[in-house]
Amino acid sequence: MLESRQDPIAPRHVFLWRLVKFTSLALAVIATALALGILGYHYIAGFSWVDSILNASMILGGMGPVGDLPNDDAKLFASAYALFSGLVFISVMGIVLAPVAHRALHAFHLDEKDLDNS
C-alpha cells in the first residue's frame, strides 16, 4: 500500500489521495464507535434517541456524560464505552497521522536525486 524505503517518494497527488483514503477510514471508525454508543445508551440506559446521541458524542469526544444513568447496567456500559472511546481516539489519530508520518520518515531515507521527483 505504501512505498518501501528503496522506492522514490510518492508524488503529491498520490499522497493527497492517500490522506483522503485514510481520513475516510478514520471517519468510518468514528461513525461505527458512535453508532455503538448510541445503541448502548438507547437500549441499555433507556435514553431517548436524541439523549443517546448526545451522551455517546460527549463520551466519544472526551467531554463526559450528560445525563444521569438510571441503573447499574447503564453505568457499566458507560464505563466500558468511555474506555473504548479512549482507544478509538488513539486509533483514529494513528490512522490519520500514518500517511504524514510515513512521508516524513520516507523523506529521511531519500538521496538528493530522489527529491527532484516529488
Side-chain angles (χ1 to χ4, degrees):
M1 177 183 248
L2 303 176
E3 61 274 359
S4 71
R5 182 171 54 163
Q6 292 81 21
D7 295 334
I9 197 164
R12 187 176 308 269
H13 72 278
V14 172
F15 171 67
L16 292 175
W17 179 243
R18 192 174 290 160
L19 278 178
V20 168
K21 289 191 303 188
F22 277 67
T23 302
S24 298
L25 175 62
L27 290 173
V29 169
I30 291 170
T32 302
L34 185 61
L36 289 172
I38 292 168
L39 293 172
Y41 276 111
H42 182 72
Y43 291 111
I44 296 172
F47 288 174
S48 70
W49 286 108
V50 173
D51 287 339
S52 297
I53 293 169
L54 175 63
N55 275 287
S57 298
M58 294 296 280
I59 290 281
L60 193 58
M63 301 300 290
V66 177
D68 291 331
L69 300 170
N71 55 41
D72 289 343
D73 290 341
K75 293 174 185 176
L76 290 173
F77 168 76
S79 175
Y81 186 66
L83 293 172
F84 169 74
S85 295
L87 294 175
V88 167
F89 176 77
I90 292 169
S91 300
V92 164
M93 291 308 296
I95 292 169
V96 170
L97 293 177
V100 176
H102 178 265
R103 190 166 178 93
L105 290 174
H106 192 83
F108 286 121
H109 294 285
L110 294 178
D111 295 329
E112 290 292 326
K113 62 182 176 61
D114 293 333
L115 291 176
D116 296 334
N117 293 338
S118 61

Distance-only donor-acceptor pairs under 3.5 Å for side chains of residues 40-50, two or more places apart:
residue : atom : partner : partner atom : Å
H42     : ND1  : F47     : O            : 2.8
S48     : OG   : D51     : N            : 3.2
S48     : OG   : D51     : OD2          : 3.4

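- The nearest pair of heavy atoms linking V66 to M58 is CG2-CG, 3.6 Å.
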Using residues 24-39 as the side-chain source, report each donor-acceptor pair under 3.5 Å to any protein atom, sequence neighbours left out, with the distance given to one decimal.
residue : atom : partner : partner atom : Å
S24     : OG   : V20     : O            : 2.8
T32     : OG1  : A28     : O            : 2.9

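- Hydrophobic clustering (side-chain heavy atoms under 4.5 Å, transitive across Ile, Leu, Val, Met, Phe, Trp, Tyr) keeps F77 apart from L54.
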What pairs of donor and acceptor atoms, side-chain ones from residues 82-101 against any protein atom, are under 3.5 angstrom apart with sequence neighbours left out?
residue : atom : partner : partner atom : Å
S85     : OG   : Y81     : O            : 2.8
S91     : OG   : L87     : O            : 2.9

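- The minimum heavy-atom distance between L69 and A74, with the atom names listed, is CD1-O, 3.9 Å.
- Expressed to the nearest 0.5 Å, how far CG of N55 lies from CE of M63 amounts to 12.5 Å.
- Expressed to the nearest 0.5 Å, how far CZ of R18 lies from NE2 of H13 amounts to 10.5 Å.
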